[in-house]
Amino acid sequence: MEREYTLGLYEKSMPSDLSWEQKMLSAKVAGFDYIEISIDETDTKLARLDMSKEERLELVRLMMVTGVPIRSMCLSGHRRYPLGSNDPEVEKRGMEIMEKAIQLAEDLGIRIIQLAGYDVYYEESSFETKKRFLKNLKKATHMAEKAGVVLGFETMETEFMNTVEKAMKYTTLVDSPYLNVYPDIGNITNAAIEYKNDVLEDMMIGKGHLCAMHLKETVPGKFREIPFGTGHVNFKEAIALAWQLGIRKYVTEFWYVGNENWKEDLVFAHDMFEKMLDEQMTGKDEKNVES
């Protein structure tokens with residue numbers, strides 16, 4: 001049965017000192033279809049935005065040779081350089097990061113850039129930071145439209161955008177097919193617990209605007225480094241609804257934390273979610289047969 005979805009692997013699930021070829025081959029052995037590259041707030045990761053043409057060509061060559069492409073980008077560098085910053089220099093740097101990220105995506109064949117849903121992070125959020133964020137978001141979306149690269153808001157762990165509903169506010173205000181929502185099921189599960197809401201109802205609010213999903217485990221109040229199966233996220237329900245809503249790209253988000261058995265962790269994550277996604281395919285096929 002031909003698969004109707006792609007399952008990606010978050011880059012940070014592997015040791016950072018691996019070469020790109022080693023990362024791609026590790027993802028391939030575990031069964032993943034692609035890798036999600038990280039452009040976080042560290043100088044090392046931000047420097048990737050200034051890769052030379054030769055380095056970009058080498059990455060494309062490795063994708064072709066290994067058969068494991070880089071097809072999405074987790075752009076969390078705006079945590080340090082947010083689009084709504086009160087500091088003009090920080091704001092300017094944030095827009096430069098956005099422009100360079102879109103160019104890198106275009107060069108490497110990346111389809112989706114996951115945007116961090118922060119107006120500011122290390123500053124205090126205000127009416128002005130939100131206005132500035134929206135202004136620059138519109139500019140960023142125009143850049144994405146020109147390049148044909150989709151931007152998708154990550155639902156974060158902070159009050160500003162920790163639900164699909166909140167992300168949809170800005171998606172609606174910008175009103176472009178190139179700005180959508182890329183929900184983190186772990187984060188919106190935590191938000192649903194906090195607000196005493198239904199996580200599935202929150203997902204439904206994004207109907208028609210959900211471009212992919214992060215599969216991440218959480219527990220109330222904790223958002224990182226929770227092993228799959230030890231938290232409170234109902235992945236089966238979330239994937240079943242995501243499938244109905246048309247999501248066909250999924251990324252397992254978890255972290256390498258120095259464990260020797262990290263390769264086994266990749267296989268465990270892949271097999272766990274492949275089974276759930278294959279069940280959706282089977283169920284869809286059965287419905288088609290009945291009809």
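Being a predicted model, the structure only gives us computed values, none of them experimental.
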How close do [X] and [Y] get, counting heavy atoms only, and between which atoms?
{"X": "Met203", "Y": "Met213", "result": "CE-CE, 3.4 Å"}
{"X": "Ile102", "Y": "Ala147", "result": "CG2-CB, 3.5 Å"}
{"X": "Met95", "Y": "Ala140", "result": "CE-N, 4.2 Å"}
{"X": "Tyr10", "Y": "Ser38", "result": "OH-OG, 4.3 Å"}
{"X": "Met281", "Y": "Glu4", "result": "SD-N, 3.5 Å"}
{"X": "Tyr182", "Y": "Cys211", "result": "CB-SG, 4.0 Å"}

Just by distance, do the side chain of [X] and the backbone of [Y] share a donor-acceptor pair under 3.5 Å?
{"X": "His270", "Y": "Gly31", "value": "yes"}
{"X": "Asn136", "Y": "Leu83", "value": "yes"}
{"X": "Glu165", "Y": "Ile205", "value": "no"}
{"X": "Glu128", "Y": "Asn86", "value": "no"}

Any side-chain heavy-atom pair from [X] and [Y] closer than 4.5 angstrom?
{"X": "Glu154", "Y": "Glu253", "result": "yes"}
{"X": "Met51", "Y": "Leu59", "result": "yes"}
{"X": "Glu237", "Y": "Leu241", "result": "no"}
{"X": "Phe153", "Y": "Leu179", "result": "yes"}
{"X": "Val251", "Y": "Ser72", "result": "yes"}
{"X": "Ser13", "Y": "Tyr256", "result": "no"}
{"X": "Gln114", "Y": "Glu36", "result": "yes"}
{"X": "Arg48", "Y": "Ile37", "result": "yes"}

Ring-face cation contact, Tyr5 with Arg248, 6.0 Å cut, 45° max: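 Output no; distance or angle outside limits.
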Lys28 NZ/CZ over Tyr34 ring centroid, <6.0 Å and within 45° of normal: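 No, Lys28 and Tyr34 do not form such a contact.
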Trace of the salt bridge (Lys or Arg N to Asp or Glu O under 4.0 Å) decision for Lys100 with Asp50: CA-CA 8 Å; Lys100 289 180 178 181; Asp50 295 310; 2.8 Å; yes
Are the aromatic rings of [X] and [Y] close, with centres under 6.0 Å apart?
{"X": "Phe235", "Y": "Phe273", "answer": "yes"}
{"X": "Phe133", "Y": "Tyr118", "answer": "no"}
{"X": "Tyr170", "Y": "Phe160", "answer": "yes"}

Under-4.0 Å salt bridge between [X] and [Y]:
{"X": "Arg3", "Y": "Asp33", "result": "yes"}
{"X": "Arg224", "Y": "Glu157", "result": "no"}
{"X": "Lys92", "Y": "Glu89", "result": "no"}
{"X": "Asp43", "Y": "Arg80", "result": "yes"}

Verdict with supporting geometry, Lys216 and Asp184, salt bridge (Lys or Arg N to Asp or Glu O under 4.0 Å): CA-CA 7 Å; Lys216 186 182 76 177; Asp184 182 311; 3.2 Å; yes
Whether over 12 other heavy atoms sit under 6.0 Å from Glu21 CD: no
Interatomic distance, Thr252 atom OG1 to Leu266 atom CG [nearest 0.5 angstrom]: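 Those atoms lie 8.0 Å apart.
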Criterion side-chain contact (heavy atoms from CB on, under 4.5 Å) on Val267 and Met272, from CA distance to verdict: CA-CA 8 Å; Val267 174; Met272 173 180 175; over 6 Å; no
Candidates Tyr122, Tyr121, Tyr81 - the one meeting side-chain hydrogen bond (donor to acceptor under 3.5 Å, both in side chains) with Glu41: Tyr122
